[in-house]
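Working notes, structure below.
Below, chains carry the letters A, B, ... as their sequence lines are ordered, and counting in each starts from 1. Please read all numbers here as calculations on a predicted model, not as lab measurements.
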Amino acid sequence: MLPATVRLRRRVVFDAVVRRGQRCGHGPLAVHVSPGMGSTSVGFIVSRAVGNAVTRNRVTRQLRHLMRDRYRSLPPGTGVVVRALPAAAGRRSADLGGSLDRALGRALTRAADRAETSATP
RNA sequence: CGAGUCGGCUGGGCGAUCGCGGGCAUGGCAACAUGAUCGAGGAACGUCCGGGCUCCAGAGGGCAGGGUGGUUGCUAACGGCAACCCGGGGUGACCCGCGGGACAGUGCCACAGAGAACAGACCGCCGGACGGCUUCGGCCGCUCGGUAAGGGUGAAACGGUGGUGUAAGAGACCACCAGCGUCGCGGGUGACCGGGACGGCUAGGUAAACCCCACCCGGAGCAAGGUCGAAAGGGUCUGCACCACCUAGGUGGCGCGACCUGCGCAGGCGUUUUCAGGGCUGCCCGCCCGAGCCUGCGGGUGGACCGCACGAGCCUGCCGGCGACGGCAGGCCCAGAUGGAUGAUCGCCCAUCGGGAUCGCCGUAAGGCACCCAGGGACAGAACCCGGCGUACAGGCCGACUCGUCCG
RNA sequence: GGCCCCGUCGUCUAGAGGCCCAGGACGCCGCCCUCUCAAGGCGGUAGCGCCGGUUCGAAUCCGGUCGGGGCUA
């Protein structure tokens, strides 16, 4: 489970990451990545369309455990928001982990490309 | 053994690895670290009722409005629960019932039907007058009356059965039965039950239609509310201190304190005078606040802490009560998040469902046990806290009782 | 978390105890008209979210569920 210091819990930061960050989806997940947030932080969005409270809680818990193994390898100061789509309900953690790796990897490379092009005009 | 009724309990277990939240202890200025410990439910759900708590002025009166509706109790309270009564269902255990009033008044009862609430003559039945026919027995037509026993309509047709009676009939009269009203008697706290006398012969349904009766209900809700901040200002004052001016006393200035309000633009009403406006749910009375208020458009902030977890609390035993429940004694401390902790992954076992194999065991057989394979954990997640109700739920376990059949 | 509101053909709606096996418009389907299409005409298709109750009778009244939507400092 993620330690409290890494959790993203402010409405403003959520909006900033979702609006300014790079978005990539794979399978039942969509990932927003925004570098330069000050400190590395991770947040989750699981809407009511995913299911009732029990299945929503299970999905967020699975995602939190998966991000716990991955947030240390992120570049420092990266803001990440993982959004669960309705298909995420009832998936095994291994499946969600695969989708998360692919979506996160693509979003990170895209964010890095964008930083390079803007840094070397 | 079969069929069934009622009530209660339970809601996968064990292990390994890695984690999260709370308060506590220790160390540390602190961030934090370490340690032991606690960490979802019977419905945490729906938000349908009731209460605690907080604020609205100290929570007022009348009307309006809303709710409840057999009785007696239980309870902090309830629209909940228990026991009983009445009505209905079941052979029975038992189940179901928004179960006050229709002589306080008003409304409605479509269609069908002659007639639907001060009932009603369509057919039929009976009698009279007139006309026609006649085989002189009557028959037909028309008209005036009588008649609610019969037909037919309807959810419902103004007691039922039998008799007397009559031109035909009718509670017109009689007997029994059902039902209504009044007055006694006995039993019960009471709803009501049992039985008696008298009366009139009969009264439709609907109040989850208005309404009447009895009882209950002020409004909002923890995003309540409080402290601090963003954030700076404006106003009032019976307050306090100081200074100045003038005649005892007052006026002005400045600071502190308390309270109210809180940005910009536009429009409207008001600021004199007991008057705009606001609050006490709507109206009236009564009362309070009062120099600002209302409407529209646009913008800012949308943070921290308290409230916040010892409570109508849980467990055990005894006592009272048919029971709901209450009393006493002893013991226990039992989630507290805020983008929201209470878990993730893996292995084994158990309950259970599907399929296979018909080689093992029991059995005449259906089938059961064992074996193999894959699937696989029901409904569902605290958010201020309790008491209920309602709804969802794979299965498993226990107890009491009823009916039927067989054996003794 | 709390407080409210609404459910009628595929869509938007009327209906407020019987006149309604629910009316209208846009749709959809078929036929007529036309050389063909459109327009026009005729006919049809379909609905009271669900389950109980009150009543002789319910889209309407009452209760319970299910679904959708709104507000909050």
- Message: Syn or anti for rG42(B), given that syn means the glycosidic angle lies within 90° of 0?
- Response: syn
- Query: In whole Å, what is the span from the NE2 atom of H65(A) to the C1' atom of rC346(B)?
  - Reply: 14 Å
- If anything within 90° of 0 is syn and all else is anti, what is rA40(B)? syn
- Message: Could you tell me how far rG65(B) sits from rC289(B) if I compare only their P atoms? Round to whole Å.
- Response: 33 Å
- Message: Any strand counts, and the cut-off is 3.5 Å on both contacts for Watson-Crick or G-U wobble. Which nucleotide pairs with rU17(B)?
- Response: rA344(B)
- Task: Indicate yes or no: at least one non-hydrogen side-chain atom of S93(A) is less than 4.5 angstrom from one of H65(A).
- Result: no
- Message: Please report the distance separating the P of rC14(B) from the corresponding atom of rG41(B), rounded so that it comes out in whole Å.
- Response: 15 Å
- Message: Between rA220(B) and rA231(B), how many Å separate the two C1' atoms, rounded to a whole number?
- Response: 30 Å
- Message: If the cut-off is 4.0 Å, is S93(A) near the phosphate of rA344(B), judged by side-chain N/O to OP1 or OP2?
- Response: no
- Task: Could you check how far CD of Q62(A) sits from C1' of rG343(B), rounded to whole Å?
- Result: 11 Å
- Query: Under 4.0 angstrom, heavy atoms only, what part of the nucleic acid is R58(A) near: base, sugar-phosphate, or nothing?
  - Reply: sugar-phosphate
- Note on the structure: When rounded to whole Å, the CE to C1' distance for the pair M67(A) and rA344(B) reads 15 Å
- Item | Pair partner, rU153(B) [Watson-Crick or wobble, under 3.5 Å] | none
- With sequence neighbours excluded, tell me which residues meet side chain to side chain donor-acceptor pair (under 3.5 Å) with N52(A). T55(A)
- For rC389(B) versus rC78(B), give the span between their P atoms, rounded off to a whole number of Å. 16 Å
- Which pair of non-hydrogen atoms, one from G77(A) and one from T40(A), has the smallest distance, and what is that distance? N-OG1, 3.1 Å
- Message: Work out how far the C1' atom of rU261(B) is from that of rG278(B), and round it to whole angstrom.
- Response: 14 Å
- Task: Please identify each residue that fulfils side chain to side chain contact (heavy atoms under 4.5 Å, CB included) with A87(A), with sequence neighbours left out.
- Result: P28(A), R91(A)
- Query: In terms of base orientation, is rG292(B) syn or anti, with the syn window spanning 90° either side of 0?
  - Reply: anti
- Can you tell me how far P in rG252(B) sits from the matching atom in rC280(B), rounded to whole Å? 37 Å
- Message: Suppose we define a pair by two distances each less than 3.5 Å, Watson-Crick or G-U wobble; what does rC33(C) pair with here?
- Response: none
Show which side-chain atoms of residues 94-101 of chain A pair as donor or acceptor with protein atoms under 3.5 Å away, not counting sequence neighbours.
{"unit_1": "S99(A)", "atom_1": "OG", "unit_2": "H26(A)", "atom_2": "ND1", "d": "3.2"}
{"unit_1": "D101(A)", "atom_1": "OD1", "unit_2": "R70(A)", "atom_2": "NE", "d": "2.5"}
{"unit_1": "D101(A)", "atom_1": "OD1", "unit_2": "R70(A)", "atom_2": "NH2", "d": "3.4"}
{"unit_1": "D101(A)", "atom_1": "OD2", "unit_2": "R70(A)", "atom_2": "NH2", "d": "3.1"}

- Looking only at atom P, what distance separates rA223(B) and rC393(B), rounded to whole Å? 33 Å
- Query: What's the base orientation of rG184(B): syn (chi within 90° of 0) or anti?
  - Reply: syn
- Watson-Crick/G-U partner (both atom distances under 3.5 Å) of rG317(B): rC328(B)
- Item | Pairing partner (Watson-Crick or G-U wobble, both distances under 3.5 angstrom) of rA178(B) | rU202(B)
- Query: CG of L66(A) versus C1' of rA344(B): gap in Å, rounded?
  - Reply: 8 Å
- Please state the C1' separation for the pair rA16(B) and rG21(B) - nearest whole angstrom. 23 Å
- Side-chain (R64(A)) to main-chain (R7(A)) donor-acceptor, under 3.5 angstrom: no
- Note on the structure: Residues passing the side chain to side chain contact (heavy atoms under 4.5 Å, CB included) test with I45(A), sequence neighbours excluded, are F14(A), V18(A), V81(A), R83(A)
- Could you classify rG7(C) for me, syn or anti, using a glycosidic angle within 90° of 0 as syn? anti
- Message: Please name the nucleotide paired to rA59(C) by Watson-Crick or G-U wobble geometry with both distances under 3.5 Å, or report none.
- Response: none
Tabulate protein N/O versus nucleotide N/O from nucleotides 336-339 of chain B, keeping only pairs under 3.5 Å, one per line.
{"unit_1": "rU338(B)", "atom_1": "OP1", "unit_2": "R9(A)", "atom_2": "NH2", "d": "3.0"}
{"unit_1": "rG339(B)", "atom_1": "O2'", "unit_2": "L8(A)", "atom_2": "O", "d": "2.5"}
{"unit_1": "rG339(B)", "atom_1": "O6", "unit_2": "R11(A)", "atom_2": "NH1", "d": "2.7"}
{"unit_1": "rG339(B)", "atom_1": "N2", "unit_2": "F44(A)", "atom_2": "O", "d": "3.3"}

- Message: I'd like to check the side chain to side chain contact (heavy atoms under 4.5 Å, CB included) partners of P75(A); sequence neighbours left out, ordered by chain and number.
- Response: T78(A), L108(A)
- Query: Taking any strand in view, what nucleotide pairs with rC308(B) in a Watson-Crick or G-U wobble way, both distances under 3.5 Å?
  - Reply: none
- Item | Watson-Crick or G-U wobble partner of rC389(B), both distances under 3.5 Å | rG46(B)
- Gap between atoms CG and C1', on N52(A) and rG381(B) respectively (whole Å): 9 Å
- Let me see the working for C24(A) and R110(A) under side chain to side chain contact (heavy atoms under 4.5 Å, CB included), right down to the final yes or no. CA-CA 9 Å; C24(A) 277; R110(A) 264 208 244 171; 3.4 Å; yes
- RNA chain B nearest-nucleotide lookup for R91(A) and D69(A): closer to the 5′ end is D69(A)
- Task: Starting from P on rG19(B), measure out to CZ on R70(A) and report it in whole angstrom.
- Result: 16 Å
- Rounded off to whole Å, could you give me the CZ-to-C1' distance for the R56(A) and rG343(B) pair? 17 Å
- Task: Report yes if the side chains of L63(A) and L29(A) come closer than 4.5 Å at any heavy-atom pair, otherwise no.
- Result: yes
